[in-house]
Amino acid sequence: MPADSDLTDLEAARRKKLEDLRARGVDPYPNDFAPEHTAADVHARCGSASQEDLDGGADAVSVAGRIVGLRSFGKAAFLHLQDRSGKIQAYVRKDIVGADTFQTFKAMDLGDFAGVVGRPFRTKTGELSIEAAEIRLLTKALRPLPEKWHGLTDVEARYRQRYLDLVANAEVRETFRVRSRIIDGIRRFFTARDFIEVETPMMQPIPGGAAARPFVTHHNALGMDLYLRIAPELYLKRLLVGGFDRVFEINRNFRNEGISVRHNPEFTMLEFYWAYATYEHLIGLTEELVVQLADDILGTRQFPYGEHTIDVSPPWRRIRIPEYVADKAGLPLDKILDLDLETIRAAAQALGVRVDPDLEKHHGVNAPGYMLTEVFEGAAEPELIQPTFVTDFPAAVSPLARRSRERPNFVDRFETYVVGREICNAFSELNDPDDQRARFEAQLAAHAAGDAEAHVMDEDFLRALEHGMPPAAGEGVGIDRLVMLFTNSPSIRDVILFPHMRAARGLGPEIHAVDEPSEA
RNA sequence: GAGCCGUUAGCUCAGCCGGUUAGAGCAUCUGCCUUUUAAGCAGAGGGUCCUGGGUUCGAGUCCCAGACGGCUCACCA
């Protein structure tokens, strides 16, 4: 217990009550009260009942929750209990519960957990309430709740002490309920289509499947470095080789990159692979998935996001990268399709897009493809507000995707954009092991030239492809961004319960690794 | 990583051009109060003004450095 001098007067008052309760033989932390109803149960059961109905003798209910409102008189009080379902008011009278219980009740504060047993009734203002025949202290809270009217608004405190944010802010609770329903809806969507859910390694000896910088950790017993995965792709494809020809995984990816309103170091991805399908099938499936989630969770296909109204009704708009750039820049499409560097450079100029000056150094012969993608993203992303499928990516930026039959410099791939953000990335999968090896080698060359995020060679993956991977299409969906969209949340931190922050002074980590990770 | 902005009581916030003992509401404590719902009435207590330097007769206020946070940009999904 902290020294008295370290306590605020609010904490000291609560500890005094704690000691007084113990002195009177009241356990401030019991675990023998089992509520039979939630607040919502009581409202559902009695919500339509009139005062006369209830006076006719309603059955007693028992509820438990945190005291989030308390209006106390001399010998009676009203309080609101909040549980997972919502709030219910209780009315406590000294002449009903008895002097001893009432004395215990007087030691309860805003923020304590309490259990109430009693019959529902209506107050004279009409609010459904429980007339307490019994009230129990279930947990004494030693620190006060945030202010009842303004709640907790300090963003730093909201993220660092999410538990207080959840207690104080109903819309935050709702956001995370929606998140849960989205993930549940995705599971049901895929299992209904005969996909099986799998879990592949989060710690990988070779970080593959995406272009990103990984976190490194170290396994002491094996004496080897492991990487937190940046994507599950190469493992899920191994499962296609193994005969699981419809698989999905919902799990975390980790990328050692910047933090922003759209980026958290760990984020949740849905990835799924569907054998004998193409990216065209995935376009239809993606529309179906999002529409079903919108119908089930929001009950509408038009909903607000910031200043926009998003409409997910299919079919969604489609844009082909070469056509878009040629058209916007007023340059010939055939030159773009040939990946003519000077034409693409002219397009960047015409569209006012600044391209990475190291592109050519890093990517060599692949540079035109990278540059075209940058030009497109720079020019188009801000206007991709309604759901849009962007197709015809250059093969150079898609080392795991199948080449387009009509446009061999391009691949059968799409990204889905909503509100200027990528939320899906999908393609027909490359299953030609020799082409895959050549693509890896181009990535290795880019890495050697200075691209820290280039893919690395994975010989076992190539060996698996040599055993034969069925033709397939695969897709990744950023769950956090989908939840942002559905909950009208401006920051990814609003949809991640415990987003990453710098260590707070005095509350930072005190554990240090015994074995330091070896130098990468 | 860069620029801009912020940090005052448990919470939400005032605090003017640098000038008495840093304020308010809620919360807390004491008293009264058996249908309130931001309950009410009367009184009281509560501060590392983010941290460390500096300027000044005097710093919450001005300057410098740092910590943490927000926004924008960069990287990226």
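The model shown is predicted, which means the values in this text are computed figures rather than measured ones. Excluded from the calculations below are hydrogen atoms, water molecules and symmetry mates; all remaining heavy atoms, backbone and side chain alike, are included. Per chain, numbering begins at 1; letters A, B, ... match sequence-line order.
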K.L.:
Would you mind classifying the nucleic acid contact of A:Ser72 as base, sugar-phosphate or nothing, using non-hydrogen atoms under 4.0 angstrom?
P.N.:
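Base contact - A:Ser72 has a heavy atom under 4.0 Å of at least one base atom.
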
K.L.:
Would you kindly say whether A:Glu422 and A:Thr416 are connected by a side-chain donor-acceptor distance under 3.5 Å?
P.N.:
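There is no such pair (donor and acceptor under 3.5 Å, judged by atom type) between the side chains of A:Glu422 and A:Thr416.
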
K.L.:
Residues in ring pair (Phe, Tyr, Trp, His ring centres under 6.0 Å) with A:Phe427, at least two apart?
P.N.:
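Ring pair (Phe, Tyr, Trp, His ring centres under 6.0 Å) check on A:Phe427 returns nothing, list empty.
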
K.L.:
If you only use heavy atoms from C-beta on, which nucleotide in B:U28, B:A38, B:C11 is closest to the side chain of A:Leu10?
P.N.:
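Output: B:U28.
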
K.L.:
Reckon A:Arg502 has a side-chain N or O less than 4.0 Å from the OP1 or OP2 of B:G69?
P.N.:
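So the side-chain polar atoms of A:Arg502 do come within 4.0 Å of the phosphate oxygens OP1 or OP2 of B:G69, strictly under.
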
K.L.:
Under the side chain to side chain contact (heavy atoms under 4.5 Å, CB included) test, which residues partner A:Asp41, sequence neighbours left out?
P.N.:
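A:Asp41 satisfies side chain to side chain contact (heavy atoms under 4.5 Å, CB included) with A:His37, A:Thr38 once adjacent residues are dropped.
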
K.L.:
Using the P atom on both, measure B:G15 against B:C57 and round to a whole Å.
P.N.:
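My reading of the P atoms in B:G15 and B:C57 gives 28 Å.
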
K.L.:
Quick one: stems for RNA chain B, with Watson-Crick or G-U pairs under 3.5 Å, at least three in a row?
P.N.:
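So the stems come out as B:1-7 with B:67-73, B:10-13 with B:23-26, B:28-32 with B:40-44, B:50-54 with B:62-66.
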
K.L.:
Can you work out whether A:Lys106 or A:Leu145 has the more 5'-proximal nearest nucleotide on RNA chain B?
P.N.:
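Here A:Leu145 is the residue nearer the 5' end.
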
K.L.:
Side chains of A:Phe461 and A:Glu233: does their closest heavy-atom pair fall under 4.5 Å?
P.N.:
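Counting from C-beta outward, A:Phe461 and A:Glu233 never come under 4.5 Å.
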
K.L.:
By ring pair (Phe, Tyr, Trp, His ring centres under 6.0 Å), which residues pair with A:Phe303, not counting sequence neighbours?
P.N.:
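For A:Phe303, the residues satisfying ring pair (Phe, Tyr, Trp, His ring centres under 6.0 Å) (neighbours in sequence not counted) are A:Phe486.
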
K.L.:
If you measure from the P atom in B:C71 to the same atom in B:C13, how many Å do you get, rounded?
P.N.:
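It comes out at 16 Å once rounded to the nearest Å.
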
K.L.:
Tell me, please, which residues at least two apart from A:Ala157 pass side chain to side chain contact (heavy atoms under 4.5 Å, CB included).
P.N.:
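Testing A:Ala157 for side chain to side chain contact (heavy atoms under 4.5 Å, CB included), a comparison that skips the adjacent residues, returns A:Leu152, A:Asp154.
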
K.L.:
Output yes when a side-chain donor or acceptor of A:Arg317 lies under 3.5 Å from a complementary backbone atom of A:Pro387, and no otherwise.
P.N.:
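The answer is no, because no donor-acceptor pair under 3.5 Å joins these two groups.
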
K.L.:
Can you tell me, in whole Å, how much space there is between the P of B:A24 and that of B:G69?
P.N.:
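Roughly 32 Å separates the two P atoms.
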
K.L.:
Does anything in residues 62-77 of chain A form a side-chain hydrogen bond (donor to acceptor under 3.5 Å, both in side chains)? List the pairs, not counting sequence neighbours.
P.N.:
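Those involving residues 62-77 of chain A are A:Arg71-A:His80, A:Arg71-A:Gln89, A:Ser72-A:Lys106.
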
K.L.:
Produce the list of close N/O pairs, under 3.5 Å, pairing protein atoms with atoms of nucleotides 3-9 of chain B; give distances to one decimal.
P.N.:
none

K.L.:
Classify the side chain of A:Thr153 and the base of B:U12 as holding, or not holding, a donor-acceptor pair under 3.5 Å.
P.N.:
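Side chain to base: no pair below 3.5 Å.
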
K.L.:
Partners of A:Arg413 by salt bridge (Lys or Arg N to Asp or Glu O under 4.0 Å), sequence neighbours excluded?
P.N.:
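So A:Arg413 forms a salt bridge (Lys or Arg N to Asp or Glu O under 4.0 Å) with A:Glu415.
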
K.L.:
Taking only the C1' atom of each, what is the distance from B:G31 to B:G60 in whole angstrom?
P.N.:
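The answer is 36 Å between these two C1' atoms.
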
K.L.:
At 4.0 Å (heavy atoms only), tell me whether A:Lys16 reaches a base, stays on the sugar-phosphate, or touches nothing.
P.N.:
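No contact at all - A:Lys16 keeps every heavy atom at 4.0 Å or more from the nucleic acid.
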
K.L.:
Would you indicate what A:Asp356 reaches in the nucleic acid, counting non-hydrogen atoms under 4.0 angstrom: base, sugar-phosphate, or nothing?
P.N.:
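No contact.
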
K.L.:
I'd like the C1' distance from B:G70 over to B:U28, given in whole Å.
P.N.:
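My reading of the C1' atoms in B:U28 and B:G70 gives 31 Å.
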
K.L.:
Pick the C1' atom in B:G10 and in B:G47, then give their distance to the nearest Å.
P.N.:
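B:G10 and B:G47 have their C1' atoms separated by 12 Å.
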
K.L.:
Tell me, please, which residues at least two apart from A:Ala395 pass side chain to side chain contact (heavy atoms under 4.5 Å, CB included).
P.N.:
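Side chain to side chain contact (heavy atoms under 4.5 Å, CB included) list for A:Ala395, sorted by chain: A:Arg403, A:Val411.
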
K.L.:
Can you list the residues that meet the side chain to side chain contact (heavy atoms under 4.5 Å, CB included) rule with A:Pro490, with sequence neighbours excluded?
P.N.:
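Per chain and number, A:Pro490 pairs via side chain to side chain contact (heavy atoms under 4.5 Å, CB included) with A:Asp494.
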
K.L.:
Determine which pairs satisfy ring pair (Phe, Tyr, Trp, His ring centres under 6.0 Å) with at least one residue from residues 92-117 of chain A, sequence neighbours left out, and list them in order.
P.N.:
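Qualifying pairs, neighbours excluded: A:Phe102-A:Phe105.
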
K.L.:
Within the 4.0 Å heavy-atom criterion, would you say A:Ala13 contacts the bases, only the backbone, or no part of the nucleic acid?
P.N.:
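Result for A:Ala13 = sugar-phosphate.
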
K.L.:
Quick check: on RNA chain B, is the nucleotide nearest A:Glu266 upstream (toward 5') of the one nearest A:Glu127, or the reverse? Name the residue that is more 5'.
P.N.:
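It is A:Glu127 whose nearest nucleotide is closer to the 5' end.
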
K.L.:
Which parts of residues 81-100 of chain A get close to RNA chain B, meaning a heavy atom less than 4.0 angstrom away?
P.N.:
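Here the set is A:Gln89, A:Tyr91, A:Arg93, A:Asp95.
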
